[in-house]
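These notes concern the structure reproduced below.
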Amino acid sequence: MDIEQEELQFLGFIGIIKESFKIIYSWRKIFSQITLALILPLTFVFLAHIEFSDFVFFKILRNEEKLDRTRAGTPSYEKLTDVISSEWIVFWLLKVAYFTFLLIFSLLSTSAVVYAVACVYTAKPVTFRRVLSVVLKVWKRLMVTFIWIFVIVFCYNVIAIGVFILWVFSIGNTKFGIVVLPFLLVIYLIGFVYLSVVWHLASVVSVLEDMYGIQAMVKSKNLIKGKMRVAVAIFLVLNVCFFVIQMAFENLVVLGFPMSGPSRFLLAIVFFLLLFKLILFGLVIQTVIYFVCKSYHHENIDKSSLSDHLEVYLGEYMPLKSKDVQMEQLEV
């Protein structure tokens, strides 16, 4: 990074995006290698899942329609029932395989990009082999953080469902209930976005500092204070772009409305390219936001110490230690 650490705190929405683009362009070799090895497979898994899941699901729907028109107890009815049962098994096996590979490549991609950006920050030479050696040791820390956020989001959604059920049976049919519902939805969305932003920053903390899991979540929550607006704005923009690519791929490529075969194939390539670039960009951005938040809270990172901790000696990955690297509070 060309910007001094003290100046990072002044980066806003545009500044963070420009800095992220500059990092990717200046270090395009290492990020190209990470993309080819990890982000491209992640992108392929995501898009292939949409294609195959929709294919199997719509096939199940067609067979269920046939089943509704078939008399119960006949051989055709029994055959269709067996076929539908088999297709549901295939459908859920696809889901399990998808989430497994998605989790693996997400953890590896996040670890690799965060480590690479940290090396850029310290002006430390970085090779793809060094990145892989660190990634293979640090992904377990990210896994623990992911499990914690999964538990927290699960509990959050259970509470939200409970509140919705309470709304249905108490005031759902009243005018007051109809007025309250939009406010409940807004509150739910605000909470969900907040958890998502904290989670993304906690992923960076898990790679670069000596904490993970719930400790990384707490650290992330404290870091994001003061930069919440810009972080939320970037998060929303990235997720809107992601949603647009996903919906366009599903409607224009998978469902094929109203495209021919060759046109769908070309569009699939376009969406594939757009998605992997967006994933890479998003991972770099969340790491830049981490350094921006550190600077905003006047937590000075000693670049030489950070560089030492990014070293891989004798095959050992060394995260940042709270006592010696994790930031000395500067007086303002």
Side-chain angles (χ1 to χ4, degrees), residues 1-43 105-106 108-135 138 142 200-201 203-209 223 227 230-231 233-235 237-238 241-242 272-296 299-312 317-320 325 327:
M1 295 183 186
D2 297 329
I3 300 178
E4 291 297 327
Q5 181 180 321
E6 293 77 11
E7 298 176 359
L8 284 172
Q9 62 180 301
F10 302 113
L11 291 181
F13 182 90
I14 301 299
I16 292 174
I17 290 177
K18 288 174 64 177
E19 187 65 22
S20 301
F21 270 122
K22 188 186 300 182
I23 291 172
I24 294 173
Y25 179 77
S26 301
W27 295 78
R28 52 189 176 276
K29 180 180 179 180
I30 184 62
F31 286 114
S32 297
Q33 291 171 326
I34 293 173
T35 299
L36 288 173
L38 300 173
I39 297 178
L40 284 185
L42 174 62
T43 306
F105 284 112
S106 295
L108 296 179
S109 299
T110 301
S111 303
V113 172
V114 170
Y115 176 79
V117 175
C119 289
V120 171
Y121 176 80
T122 59
K124 179 182 182 64
V126 56
T127 63
F128 184 64
R129 179 177 296 181
R130 175 178 292 173
V131 169
L132 281 184
S133 65
V134 171
V135 164
V138 78
L142 266 180
H200 282 85
L201 194 58
S203 299
V204 182
V205 172
S206 299
V207 175
L208 296 183
E209 300 192 21
L223 276 179
K227 285 293 181 178
V230 66
I234 291 175
F235 173 83
V237 169
L238 291 176
C241 294
F242 183 84
F272 182 83
L273 295 174
L274 289 174
L275 185 57
F276 86 70
K277 289 176 187 255
L278 181 65
I279 293 173
L280 173 61
F281 185 56
L283 292 175
V284 172
I285 276 186
Q286 72 183 30
T287 312
V288 172
I289 290 176
Y290 166 83
F291 287 110
V292 169
C293 290
K294 286 289 189 183
S295 176
Y296 178 81
E299 296 183 353
N300 183 39
I301 303 178
D302 183 348
K303 291 188 179 183
S304 62
S305 298
L306 174 57
S307 178
D308 291 341
H309 282 277
L310 292 176
E311 281 287 0
V312 181
Y317 170 75
M318 309 264 310
L320 300 182
V325 181
M327 324 302 176

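Atom set for the values below is all heavy atoms of this structure, side chains included, hydrogens, waters and symmetry mates excluded.
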Hey, mind stepping through Val292 and Phe10 against side chain to side chain contact (heavy atoms under 4.5 Å, CB included) and telling me if it holds?
CA-CA 8 Å; Val292 169; Phe10 302 113; over 6 Å; no
Can you check side chain to side chain contact (heavy atoms under 4.5 Å, CB included) on Ile39 and Thr43, steps first, answer last?
CA-CA 6 Å; Ile39 297 178; Thr43 306; 4.1 Å; yes
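To the nearest 0.5 Å, atoms OG1 (Thr110) and CG (Leu283) are separated by 5.0 Å. Between Ser133 atom OG and Phe128 atom CZ the span is 10.5 Å, to the nearest 0.5 Å. Remark: Lys227 NZ to Ile234 CD1 distance equals 9.5 Å, nearest 0.5 Å. In this structure, CD1 in Ile23 is found 10.0 Å from CD1 in Ile285, a value given to the nearest 0.5 Å.
The shortest side-chain heavy-atom distance between Phe291 and Val204 does not fall under the 4.5 Å cut-off. With contacts defined as side-chain heavy-atom distances shorter than 4.5 Å, the pair Val114/Val284 does not qualify. Taking the side chain as every heavy atom from C-beta outward, Lys22 and Lys18 never approach each other to under 4.5 Å. Between Lys294 and Leu223, some side-chain heavy-atom pair lies under the 4.5 Å cut-off. Looking at Ser111 and Leu142, their side chains come closer than 4.5 Å, going by heavy atoms from C-beta outward. Here the side chains of Leu238 and Phe281 are in contact, with some heavy-atom distance below 4.5 Å.
Summarising the geometry of Leu208 relative to Ala118, their closest heavy-atom pair is CD2-CB, 3.6 Å, with the distance given to 0.1 Å. Scanning all heavy atoms of the two residues, the minimum distance from Phe31 to Ile24 falls at CD1-CA, 3.9 Å. Closest approach of Gln286 to Leu201, counting heavy atoms only: O-CD1, 4.0 Å. The heavy-atom pair separating Val288 from Ser20 by the smallest distance is CG2-OG, 3.6 Å. Of all non-hydrogen atoms in Thr35 and Phe276, the two that sit nearest each other are CG2-CD1, 3.5 Å. Across Gly12 and Val230, no two heavy atoms sit closer than the pair C-CG2, 3.7 Å.
For the side chain to side chain contact (heavy atoms under 4.5 Å, CB included) test, residues two or more places apart in sequence or in another chain that qualify with Ser106 are Leu42, Leu102. Remark: Phe235 pairs with His200 by the ring-ring contact (aromatic ring centres under 6.0 Å, His included) rule, at least two apart or across chains. Every residue two or more places apart in sequence or in another chain was checked for a ring-ring contact (aromatic ring centres under 6.0 Å, His included) with Tyr296, and none qualifies. With sequence neighbours excluded, the residues satisfying side chain to side chain contact (heavy atoms under 4.5 Å, CB included) with Phe242 are Phe46, Gln246, Leu275, Leu278. Ala112 is linked by a side chain to side chain contact (heavy atoms under 4.5 Å, CB included) to Ile34, Leu38, Val131, Val135, counting only residues two or more places apart in sequence or in another chain. Taking the side chain to side chain contact (heavy atoms under 4.5 Å, CB included) definition, one finds that Thr127 meets it with Arg129, Arg130, sequence neighbours left out. Partners of Phe13 under the ring-ring contact (aromatic ring centres under 6.0 Å, His included) rule, at least two apart in sequence or in another chain, do not exist in this structure.
The side-chain tip of Arg28 points at the ring of Tyr25 from less than 6.0 angstrom away and within 45° of straight on.
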